Amino acid sequence: MSASPLACPSCRQTMEQHHFACSTGSALVLDVCFACQGLWFDPQENTRLAPASVLALFTLLHERRGEASHPMAERLACPRCSQALARGYDMAQSGRYVTYRCAQRHGRFGTFGAFMVEKGFVRHLTSLEIETLAQRLGTIACTACGGTVDIRRDHACPWCRSALSLLDPQAVQQALSRYGQAAQGQAQRALQGDSPENLADALIALERSRMREERERQRQRLEGSDRFDLLSAGIELVWTWFRR
Ligand SMILES: [Zn+2]
Ligand SMILES: [Zn+2]
Ligand SMILES: [Zn+2]
């Protein structure tokens with residue numbers, strides 16, 4: 001548990017502290033940088049998050065989704081010992097994701113996308129969906145690592161070699177039921193029987209409206225912002241479903 005605020009391993013700004021319930025009932029403080037879309041976990045913190053807290057964190061990420069302002073730095077520093085964090089991979093049921101760990105075991109840093117993969121909120125895109133998206137879009141941001149993927153050419157991420165994954169309501173629903181959470185609304189309805197065209201339409205519409213919102217706010221744009229952000233489109237998709 002973090003007592004005093006920590007510096008973001010990427011941009012070195014002070015991270016925000018947010019309080020969540022732990023599976024044992026006690027409180028847990030997570031350090032979040034919205035500009036970098038990153039989360040710092042002290043050892044074991046991520047596994048101790050109660051299912052309700054995973055949802056609360058998801059809500060927070062949705063609320064603050066417009067604040068991303070810079071790409072991840074080349075060198076990330078541990079907020080406790082300042083040593084460089086080592087990039088590595090972790091496996092979850094829904095795929096690989098990238099984490100940055102301190103060799104001194106002070107904790108690890110990861111993107112919001114990596115957290116979604118870890119919690120099983122994503123599913124792999126089918127090859128038909130990738131083809132359909134490729135006809136409409138050029139490059140997308142990999143959910144697992146944030147790297148740019150040209151989906152007209154690559155059907156897996158060239159940076160982290162993960163399969164292309166999408167945050168979607170059914171995956172979230174399945175993950176929550178794995179966590180023993182009561183069913184969240186009409187999951188069966190969500191996306192069931194939808195064609196790849198419908199999914200592509202829904203994603204593109206959501207991401208376009210998010211980008212409009214972002215322009216209105218006149219925020220500093222993410223570098224290379226012409227690429228399609230699959231993660232934020234997925235967050236919108238799940239959010240729309242939650243609110244039904
Ligand atoms: Zn940061
Ligand atoms: Zn350290
Ligand atoms: Zn990747």
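What you see is a predicted model, and the numbers here were worked out from it, not measured in a lab. Hydrogens, waters and symmetry mates play no part in the numbers below; they use all other heavy atoms, side chains included. Remember, it's 1-based here, ligands and their atoms both numbered in the order they're listed.
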> If the Zn ion (ligand 2) is the vertex, what is the angle to SG of Cys81 and ND1 of His106, rounded to 10 degrees?
Replying inline: 110°
> Is Leu231 linked to Trp159 within one hydrophobic cluster, defined over Ile, Leu, Val, Met, Phe, Trp and Tyr using a side-chain heavy-atom separation of less than 4.5 Å?
Replying inline: no
>> Before moving on, can you tell me the angle at the Zn ion (ligand 3) between the SG atom of Cys142 and the SG atom of Cys160, to the nearest 10 degrees?
In response: 110°
> So do the side chains of Tyr89 and Val98 get within less than 4.5 Å of each other, counting heavy atoms only?
Replying inline: yes
>> Walk me through whether His19 and Gln17 qualify under side chain to side chain donor-acceptor pair (under 3.5 Å).
In response: CA-CA 7 Å; His19 296 252; Gln17 297 195 312; 5.5 Å; no
> So Phe109 and Tyr100, would you call those rings parallel, tilted or perpendicular, with 30° and 60° as cut-offs?
Replying inline: tilted
> Given SG of Cys33 on one side and SG of Cys8 on the other, what angle do they make at the Zn ion (ligand 1), to 10°?
Replying inline: 110°
> What angle sits at the Zn ion (ligand 1) between SG of Cys36 and SG of Cys11, to 10°?
Replying inline: 110°
